[in-house]
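Following: one structure in structure tokens, then a few remarks.
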2 protein chains.
Amino acid sequence: MSVSRTPATMTEIAAALGVSSATVSNALSGKGRVSAELTAKIRQATVDLGYVPSQAARTLRTGRTGVIGLVLPDISNPLFPQIAQAIEQAAAAAGYGVLIADSRGEIAQQTAAIGRLIERGVDGIIIVPRRGSRVGEIGTPVAIIDSPSTPGNTVSSDHWDGGVQMGRHLAGLGHCKVLLIAQSSASNVQNDRIGGLKAGLGKNICHETLLVENLEAIKGAGCALGLAAKVADGFTAFAAVYDLLALRALTELQRDGTEVPRQASVSGFDDLVWSSVVTPPITTLRQDLATIAERAVEALSDAITDSETPFGGPAVAKQSVEGVAMTLVVRQSTGQAMEPVVVPVADTREDSR
Amino acid sequence: MSVSRTPATMTEIAAALGVSSATVSNALSGKGRVSAELTAKIRQATVDLGYVPSQAARTLRTGRTGVIGLVLPDISNPLFPQIAQAIEQAAAAAGYGVLIADSRGEIAQQTAAIGRLIERGVDGIIIVPRRGSRVGEIGTPVAIIDSPSTPGNTVSSDHWDGGVQMGRHLAGLGHCKVLLIAQSSASNVQNDRIGGLKAGLGKNICHETLLVENLEAIKGAGCALGLAAKVADGFTAFAAVYDLLALRALTELQRDGTEVPRQASVSGFDDLVWSSVVTPPITTLRQDLATIAERAVEALSDAITDSETPFGGPAVAKQSVEGVAMTLVVRQSTGQAMEPVVVPVADTREDSR
DNA sequence: CTGAAAGCGCTTACAG
DNA sequence: CTGAAAGCGCTTACAG
């Protein structure tokens, strides 16, 4: 059991073995320039003496820090924990550390945050842009996670298909009057989801879209979305584009005496932690953030490599061919999460987008 | 307007001005060893040539990276975004970058995460420990954010006082039968809040504590907390130790036909983003995370400095003298957030703790 | 007030 | 297969 002591340097282990530090370096980097026996001895010494490589020295020499930055402009985004976790996991697997940058509010803050990351020497940056903001050239490799319809997007969930899944699910349940609830028409993600929902519901189901432009406005018990009137009007399903809106809808319906899901069902997107804790739980779509994070890190990693070859072209991560599938999590109408509804495979996408 | 070009090095700006790099370094570090005029010229050149300091070189020389690690073992903690944001903000102000480490689940993961941070050379680590886990010596300065009653805690909200505030608020509203809802008796934070609540309610108000040991068990519409029975039993206030439990209580009550807040009021802790969006909104206590983050970063920064002076003692951040105050956010019974209720200043703490 | 020099710990051509 | 040497960009005593 090795006791922790002062970590040894490469020069020290070289001295201890009577070889040169160049040899130690070569052995450890495993480029096959050192005999198997010597390599084994060096490996052993590494353990015995408690060698800890100096990232700083390595960086100074190679120009790479092995750290990527993560910018989530809208840090109040409830998805933040999951995204951050997924990115950190994927980055660690690829040998990168993750430096976070906060940039709440203003675009200026976002620029400043990116600046701080660059000063710290990150090799590249992953950005989840705030609605409507475009990320310009920043002289550092970048990967963007947003929506397939965002220009420059690198990878994202297939929000459109998610909408289709939900639309078909609701149609399958027999709803014929559905209220779609969105918040911003400037959000590509929301637009994709709404578009998919409409396509999934098909032409025979009546739907209407409620746009809650100002989230602040619906805070408090005073202001209502007017959902009770919608129920009276025959709407039986309320499909929000994200769980927070669904939660608002659920509580408002309940407060006004509507029985959920008997009289009206409520659904959202993203499967936030509380989606399954509320009563009744909310039917929603879960993003596969692990896959998204992996692809983002991979694309960024490629861009970083490219940016080092002279004339390697702009260091922008290539776009993934297709969006990552979302998973339908059905909770209402049974009170238990059940298997995703199997829907006939057909591309409703081309014709309605 | 300076166009972005290849960032200049310190040696380059020295050459451009015909001075030595040592002088440039001294001028920039502002230790007053360089004449005012020369310093001004150097500053200017810095801007003109687009000087970007090399953190790697600096680190190699000084042994400090200027980066601290952030470990949030329970990353599903809904407070994560706010905490991460607050820490990043405070760290940036103090000149530090923040490297995140995920350690979901196992304690082993937590150890591995800390190891990754250390390998990247962080100067210190801020930890929000998972319930019950104790953080041992790790050979790197550490600051812990948890609860005043956690051994080794560096700084935290005054959860006990928060409980007292809520207890008094409920008492002032005239409730005489209150159900306290907690989840784990192993959590110091929850225990503090419960203790404070009881003290704040005083001896004349009837209360009972419901312990929801297994959060999974209350998921779904099937399993209930049995709140309807409590209402029938005369309980008029449901005080949860965190908002997620309050949300569960609210939706369960509403689903079962209880009018909130007319028949029963619901309160939580932490003021999560949706607390004000549900209908009716939830009365809760907001943590002053900005202050907590500042103190944590400051304490850690001190510990880092100490750890460098020989025999500077163990590199553990000192405990803040007192917990950071929480703010009562009253939302129910008016439908609007109103000013915190003013309570008589008296220390109910000593006698009941 | 300013400069020459050493060195932090690695990696990378280049010789042997 | 192994080693000597240079150099990444800074900072820090130490002289002048």
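Order of the sequence lines sets the chain letters (A, B, ...), proteins ahead of strands, with each chain counted from 1. Hydrogens, waters and symmetry mates play no part in the numbers below; they use all other heavy atoms, side chains included.
When the side-chain nitrogen and oxygen atoms of B:Ser35 are compared with OP1 and OP2 of C:dC1, none of them lie within a distance under 4.0 Å. Applying the 4.0 Å criterion to OP1 and OP2 of D:dG9, one finds that B:Ser54 has every side-chain N and O outside that range. Put simply, A:Thr9 has a side-chain N or O that comes within less than 4.0 Å of OP1 or OP2 on C:dC10.
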Item to check | Derivation and outcome, side chain to side chain donor-acceptor pair (under 3.5 Å), residues B:Thr150 and B:Asn153 | outcome: CA-CA 5 Å; B:Thr150 299; B:Asn153 174 64; 5.7 Å; no
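What separates CD of B:Glu119 from P of C:dC10 is a distance of 13 Å, to the nearest Å. Whole-Å rounding puts the B:Leu60 CG to C:dA6 P distance at 17 Å. Straight-line distance from the CD atom of B:Glu12 to the C1' atom of D:dC10: 13 Å, rounded to whole Å. Distance CZ (A:Arg64) to C1' (C:dC10): 15 Å, rounded to an integer number of Å. One can place CZ of B:Arg120 at 19 Å from P of C:dG9, the figure rounded to the nearest angstrom.
No donor-acceptor pair closer than 3.5 Å links the side chain of A:Asp123 to the backbone N or O of A:Ile68.
When the side chain to side chain donor-acceptor pair (under 3.5 Å) test is applied to B:Ser156, no partner is found at least two apart in sequence or on another chain.
Of the listed residues (B:Val122, B:Ile304, B:Asp302), just one forms a side-chain contact (heavy atoms from CB on, under 4.5 Å) with B:Pro141, and that residue is B:Ile304. For the side-chain contact (heavy atoms from CB on, under 4.5 Å) with A:Val98, the qualifying choice from A:Val67, A:Val297, A:Leu70, A:Ile126 is A:Leu70, the only one to do so.
The OG1 atom of B:Thr65 sits 8.0 Å away from atom CZ of A:Arg120, with the distance rounded to the nearest 0.5 Å. Between atom CG of residue B:Leu60 and atom CZ of residue B:Arg58 there is a gap of 13.0 Å, rounded to the nearest 0.5 Å. Atom CD1 of residue B:Ile144 and atom CD1 of residue B:Ile125 lie 10.5 Å apart, to the nearest 0.5 angstrom.
For DNA chain D, each stem of at least three Watson-Crick or G-U pairs (distances under 3.5 Å) is given as range with range: C:1-3 with D:14-16, C:5-12 with D:5-12, C:14-16 with D:1-3.
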Checklist outcome for this item: Its contact letters, B for base, S for sugar-phosphate only and - for none at protein heavy atoms under 4.0 Å, make nucleotides 11-16 of chain C read BB----
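Taking both residues in full, the closest heavy atoms of B:Asn188 and B:Ser147 are given as CB-OG, 3.5 Å, listed atom of the first, atom of the second, then distance.
Residue contacts shown for B:Val52 are limited to sugar-phosphate atoms, with no base heavy atom under 4.0 Å away.
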